[in-house]
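For reference, the structure discussed in these notes is given below.
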Amino acid sequence: MAHSKARATDGKVTYPPGVKEISDKISKEEMVRRLKMVVKTFMDMDQDSEEEKELYLNLALHLASDFFLKHPDKDVRLLVACCLADIFRIYAPEAPYTSPDKLKDIFMFITRQLKGLEDTKSAQFNRYFYLLENIAWVKSYNICFELEDSNEIFTQLYRTLFQVINNGHNQKVHMHMVDLMSSIICEGDTVSQELLDTVLVNLVPAHKNLNKQAYDLAKALLKRTAQAIEPYITNFFNQVLMLGKTSVSDLSEHVFDLILELYNIDSHLLLSVLPQLEFKLKSNDNDERLQVVKLLAKMFGAKDSELAVQNKPLWQCYLGRFNDIHVPIRLECVKFASHCLMNHPDLAKDLTEYLRVRSHDPEEAIRHDVIVSIVTAAKKDLSLVNDALLNFVKERTLDKRWRVRKEAMMGLASIYRKYSLQGEGGREASKQISWIKDKLLHIYYQNSIDDRLLVERVFAQYMVPHNLETTERMKCLYYLYATLDTNAVKALNEMWKCQNLLRNHVKDLLDLIKKPKSEASSKAVFAKVMVITRNLPDPGKAQDFVKKLAQVLDDDQRIREQLETLVSPTCSCKQAEVCVRDITKKLGSPKQPSNPFLEMVKFLLERIAPVHIDTESISALIKQVNKSIDGTADDEEEGVPTEEAIRAGLELLKVLSFTHPVSFHSAETFESLLGCLKMDDEKVAEAALQIFKNTGSKMEESFPHIKSVLLPVLQAKAKRGPPRQAKYAIHCINAMFSNRDTHFAQIFEPLHKSLDPANLEQLITPLTTLGHLAQLAPEQFAAPLKSLVANFIVKDLLMNDRIPGKKTTKLWVPDDEVSPETLAKIQGIKLMVRWLLGVKNNQSKSGNSTLRMLTAILHSDGDLTEQGRMGKPDMSRLRLAAACALLKLAQEPCYHEIITLEQYQLCALVINDECYQVRQCFSQKLHRGLCRLRLPLEYMAVFALCAKDPVKERRAHARQCLVKNVNIRREYLKQHAAISDKLFSLLPEYVVPYTIHLLAHDPDYVKVQDIEQLKEIKEALWFVLEIIMAKNENNSHAFIRKMVENIKQTKDAQAPTDPKTNEKLYTVCDVAMHIIMSKSTTYSLESPKDPVLPSRFFTKPDKNFSNTKNYLPPEMKAFFTPGKPKAANILGAVNKPLSTAGKQLQSKASRMETTSNDDSASNPGSPQRSKTRYKHVMFSSTSLYPLEMLLHNLVNPFPADQDIEKPRGRKRGVTSSDDQDSKPKRGRKKAAANTTGATESEDQWDEDNRPEDEQNSPPKKGRRGRPPKSSTASQDTPSKGKRGRKKAAPPPEDEEEEEEEEEERGEEEQDSFFYSGVLLWILSFYRLESAESTPQKRRGRPPKSAQQPLL
């Protein structure tokens, strides 16, 4: 070595053989040629060639001179760099260069030459690759560790390599670069922040997207050096995250992006960093928390991430951010849930509770994204979401915001189509989401038109796709209908009816447009436009668009013809699609992509287009039913028992026969229905008869061969079939045959002659048939019918008790246990009423006689003969039949006029009958008549008596009925502004005088000044006033106050000369006045108009009489506490209120006529300008029940296992009837037991172990009038050790409701929207068990000696 140094000292450069001196005196080309030879020499040398190393030492030093390092020619520099690389290899481990500055210059020079790697197509690329390979293999740069400027050298090297790497490089180039850089990190003592930044900057998303190869290089480098570089990465994040020293690096602002990339590269790089993130999740800076949440969402949600398992504290801390106060953070957490559910199903359990809370978030966007997250995961794989998560989506279908409801409904629909309709998840998945179809249809009960339109769209696109082939579509509909629950079936039926009604409205509009122009026709067109507008979203805007459409139809004959085809009963599904396409194409414009008018037209066409049902579809549906009958259908595979499938199929056909009757007009269809008539299943035959009734209007002309076969069958059914089939058979003959009188006579005569009171079981069908004949053809059989009613029905049937009743303390028994004699008597009562309804006049005074008969039944508690031979259940049935008959007659104006006030009051008392089922059924009948606007307004006052009902569920039902009726009447007045002369019959405020009069004649109100009796009067008045006064629209409080004041200036028309009667009336008025004054702050304002009082109830005001006396005892005033009336409760803060589908109300004006003591009707304001409606009161605000539970109670209104909270709240200080149960009051006996307590303690009684005499037993004390509420609960207290009570018999199957539907189809077709309002009239969630053994004694009756003659 000493010799080599000497040789170097002498400065003589020795060149390889054949290479002359290389200096600046030669040309560039020559220099390149000579350098290539030098490169070749150094390439061939190895470290063991000591002589050559010594020989060429000066050459090595010469090549490192500035002349070569700064040479302007790149080829020269490349060759020199290759030589220097080999020199480092040959002389390793000690380089021939000892000066630190020289070493720096050399390595910076080599680094600069590496830039030539960028051009992979260069002729010199191989030499650049050789240079890279050489220095990477030798690890030449490790020499720089001892240099002060090593960081600068390494940083420049890293930057150069990250810059030159590109997609033209092969794997070897990539590998050598990684080797070169990793050796510097792994073998060096430290990694500077600058060098670390050089590596990490390639992970920043912006750089990553610009140079993917640099990102891959950095990724490979970090993986190779993970253990060595981890401390420096930890230090960097510690400086930035914990100490906040953002100046340490330019990458501080990208810290969270880097953490994510580093975690994806190698989680071990962040072992010490992740705890810092937990700290940052609790930062007070919203933006900082948001950034950390976004980061962790990606880390936890990554497909192969195990972070949640490995770092549970961090996972739990992250879950806490679901409840963060900052909205964007909660939103980010919710969005993350989707990825987490799809990539980590095992974490679904942890997420469920947090998603539940967020599904009720006050922010609409968060609730929306909860749905999106769950639905996205469910659509990928149903097993990823549990039932609880799907229930969150179900709940949001009732959200108060349309956007959220829409997302929830569409999400459930897409899940249903994928797993149930398309069967992708197998039978288990289909079973898991079988509830979706019911839930989606239940939404049709909502009040919003948007909800109903979306249900219709979902049904047509997801549940029964209209683009399926006809046979497949009908099969889908068939099995869907068979598996729907009762409420979903009602909703689907209503949907078809609403669409059919709208189709008829459009058809009427087209007819009006074609008429000659006149002022009357213009008004008619405008009225029809308004009707159609109410069936479209946003009626305010839709009105202008429908007007425009009417003008287009008037101008464009082609569009008018297309629309006429669309609404034609004979339009096929294929024709409908063509018409819709042509109309939208004609009205659309390519220049106007956003066309609100076209969107509205699409909504309208979507509702009226018959995309599911036509003649071909009905034929296919009939064939499907026949397959089930023949046993060749796939009923079992579809999970439907064959009998249920047949019955459901015929029910479906029955509904479609009402909405699409023309589609049934085919011989094949009618022949199939004839076959159904011969089946043993009574329900099947009934459905077939109803279908014939709805569709057979043209059978006599078009299908005479069917008529000839059908007529004998109908006659046989009418004479000897079951009662319901007999009824339908009569109506079929009435609807289908022109010579119906002949056919009616052939049925009437033999039945009339064969009536035998001794054979009671054979009387029911004949009486049913004769009753319907009497209603349909009263003139044809006038004489025999009058004789039949007077002699047979009254004298032989009602006035005789042939069979002693069963001795029992029960007040009610199931239908199949009712005696044949009682059933026959009920049919006899119905026959009388149907006859009168058919006659519709009282010229023969038959109406008076019948009313006396009915009131006699009520007077005698149902035992008309008073011989004591009837059983209590039979008496209850007859009381109910008589009361319902009175309600029926009251709906006909000619009979309403002759019903005396005493008869009206006696009928009202039935709502307080001792038998729970009687009270229940009577109130339902009452509510039904009021909802249809057929019963006069005074009958709404009857519900005030329900305030004294001992069962809180009955009180809740009555209150719900009142709310419903008030809403219907107010909505009707808004939609019919031109009926101001009928306000006296419609305005809900006018129920107040009737209520006051009815309560003044309450048989329990005996002592005028009795405090306890007045408190009950107050409760009954507040029961009505609370709903009427819930909103002070148009200053109605002052109007009501004025009405009460006016009553005090009159006398009771029922007994104008009786001082006590008038004093009771005035006292009740004072109670009402104190309620109004305590609950209203605007009562003292001037009344908008002077109220009108009904002349039947009150005398005309005496102008000389001024009644200012206060009739209330002083101590009574303490019971009136101030407070605003409560509006009806809603389902919750986020959920929409359950409401029925809006119904256009229709009524016969004559039914609303009521004489008054003033010539002009009055109104406290203009109802049509009112912008708000009452909400339905379902239950107290502390008891929020899901829609499914309420809809379930449509069918089973009295669930056996459900205890309901008190359904209406009261203001502080107002004494409720329940308070009276629990707190003994002065002047009353202490309650024996609490009703609710008894209810809760008796739920588990076994029916077999329950003594028969304790079920539904009447009060022990034999007084008339209503029993104390507290005593009723103790009457059925079970013996010690027993709990619960025996299940009560169900209420009767009220055939009259169905008869009303069947007999008045014509009116219902006009009132279809109103029908949807009636759909929920039985929406009462009351428990039967809590009331069945809590009988309420009948109210006080007049002495029987005072009764009028029966006939």
Side-chain angles (χ1 to χ4, degrees), residues 401-403 405-407 409-410 413-414 444 448-462 465-467 495-496 498-514 522 524-568 571-614 1142 1313:
R401 295 294 183 185
W402 163 241
R403 176 171 171 245
R405 299 199 306 275
K406 180 179 179 181
E407 188 64 38
M409 292 163 67
M410 295 301 292
S414 58
Y444 207 74
S448 167
I449 186 68
D450 292 306
D451 288 307
R452 298 200 298 276
L453 284 173
L454 187 56
V455 172
E456 293 177 6
R457 181 175 298 175
V458 163
F459 180 80
Q461 296 179 2
Y462 293 87
H466 63 83
N467 53 4
M495 183 184 80
W496 282 326
C498 291
Q499 290 175 340
N500 184 57
L501 181 61
L502 182 57
R503 198 177 297 124
N504 290 334
H505 286 320
V506 174
K507 188 176 180 181
D508 294 342
L509 177 63
L510 289 168
D511 293 339
L512 290 170
I513 289 174
K514 289 189 294 184
S522 298
V525 168
F526 178 75
K528 189 58 67 175
V529 164
M530 295 302 295
V531 171
I532 295 173
T533 295
R534 287 194 289 270
N535 295 280
L536 295 172
D538 196 353
K541 294 180 180 178
Q543 179 177 338
D544 295 332
F545 292 142
V546 178
K547 286 181 183 176
K548 182 178 177 181
L549 177 62
Q551 187 61 45
V552 170
L553 293 172
D554 192 17
D555 299 337
D556 194 321
Q557 183 179 354
R558 173 64 178 164
I559 294 180
R560 188 169 66 246
E561 290 174 352
Q562 292 278 15
L563 195 57
E564 286 175 347
T565 302
L566 188 65
V567 298
S568 169
C571 180
S572 68
C573 298
K574 294 179 181 178
Q575 281 180 306
E577 291 181 8
V578 173
C579 290
V580 170
R581 185 169 59 249
D582 290 348
I583 293 172
T584 53
K585 184 177 179 180
K586 190 77 181 281
L587 294 176
S589 173
K591 298 179 181 179
Q592 191 178 5
S594 177
N595 188 343
F597 169 65
L598 181 60
E599 290 301 314
M600 186 281 303
V601 172
K602 286 181 178 178
F603 270 119
L604 180 61
L605 297 179
E606 192 175 307
R607 295 204 74 187
I608 65 175
V611 295
H612 282 111
I613 306 300
D614 57 9
F1313 279 118

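Keep in mind it's a predicted model, so treat the numbers as computed, not measured.
Under the 4.5 Å side-chain criterion, counting only non-hydrogen atoms from C-beta, Met409 is in contact with Asp451. Between Ile532 and Leu502 there is a side-chain heavy-atom pair separated by less than 4.5 Å. Side-chain contact check for Leu566 versus Pro610: some heavy-atom pair is nearer than 4.5 Å. Under the 4.5 Å side-chain criterion, counting only non-hydrogen atoms from C-beta, Arg405 is in contact with Ser448. Under the 4.5 Å side-chain criterion, counting only non-hydrogen atoms from C-beta, Lys528 is in contact with His505.
Exactly one residue among Lys514, Arg558, Lys507 makes a salt bridge (charged side-chain N to carboxylate O under 4.0 Å, His left out) with Glu564. That residue is Lys514. Just one residue in the list Val531, Val601, Thr533, Asn535 forms a side chain to side chain contact (heavy atoms under 4.5 Å, CB included) with Val546, and that residue is Thr533.
Across every non-hydrogen atom of Ile613 and Cys573, the tightest pair is N-SG, 3.7 Å. The two atoms that bring Leu563 and Val506 nearest to each other are CD2-CG1, 3.9 Å, heavy atoms only. Taking each heavy atom of Gln562 and Cys579 in turn, the nearest pair found is OE1-SG, 3.2 Å. In terms of heavy-atom proximity, Ala524 sits nearest to Leu512 at O-CD1, 3.6 Å. The two residues Asp450 and Trp402 have their closest heavy-atom pair at O-CH2, 3.4 Å. Shortest non-hydrogen contact noted between Ile608 and Arg503 is O-NE, 2.8 Å.
In this structure, CE on Met600 lies 11.5 Å from CG on Asp538, to the nearest 0.5 angstrom. Note that the CD atom of Gln499 and the CG atom of Leu453 stand 9.0 Å from one another [nearest 0.5 Å]. Rounding to the nearest 0.5 Å places CD of Gln551 at 8.5 Å from CD1 of Ile513. To the nearest 0.5 Å, atom OG1 of residue Thr584 and atom CG of residue Leu605 are 7.0 Å apart. Rounding to the nearest 0.5 angstrom, the gap separating the OG atom in Ser414 from the CD atom in Gln461 is 12.0 Å. Note that the NZ atom of Lys586 and the CG atom of Asp556 stand 3.5 Å from one another [nearest 0.5 Å].
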For this session: List the steps, then state whether side chain to side chain contact (heavy atoms under 4.5 Å, CB included) holds for Leu549 with Leu604.
Result: CA-CA 11 Å; Leu549 177 62; Leu604 180 61; 3.6 Å; yes
Exercise. Going through the checks in order, is the side chain to side chain contact (heavy atoms under 4.5 Å, CB included) test met by Met410 and Leu454?
Worked result: CA-CA 8 Å; Met410 295 301 292; Leu454 187 56; 3.6 Å; yes
Exercise. Given the rule in the side chain to side chain contact (heavy atoms under 4.5 Å, CB included) test, do Arg560 and Gln557 qualify, once you have shown the distances and angles that lead to the verdict?
Worked result: CA-CA 5 Å; Arg560 188 169 66 246; Gln557 183 179 354; 3.6 Å; yes
For this session: Output, in order, the C-alpha distance, side-chain angles, deciding distance and verdict of side chain to side chain contact (heavy atoms under 4.5 Å, CB included) for Arg457 and Tyr462.
Result: CA-CA 8 Å; Arg457 181 175 298 175; Tyr462 293 87; 5.9 Å; no
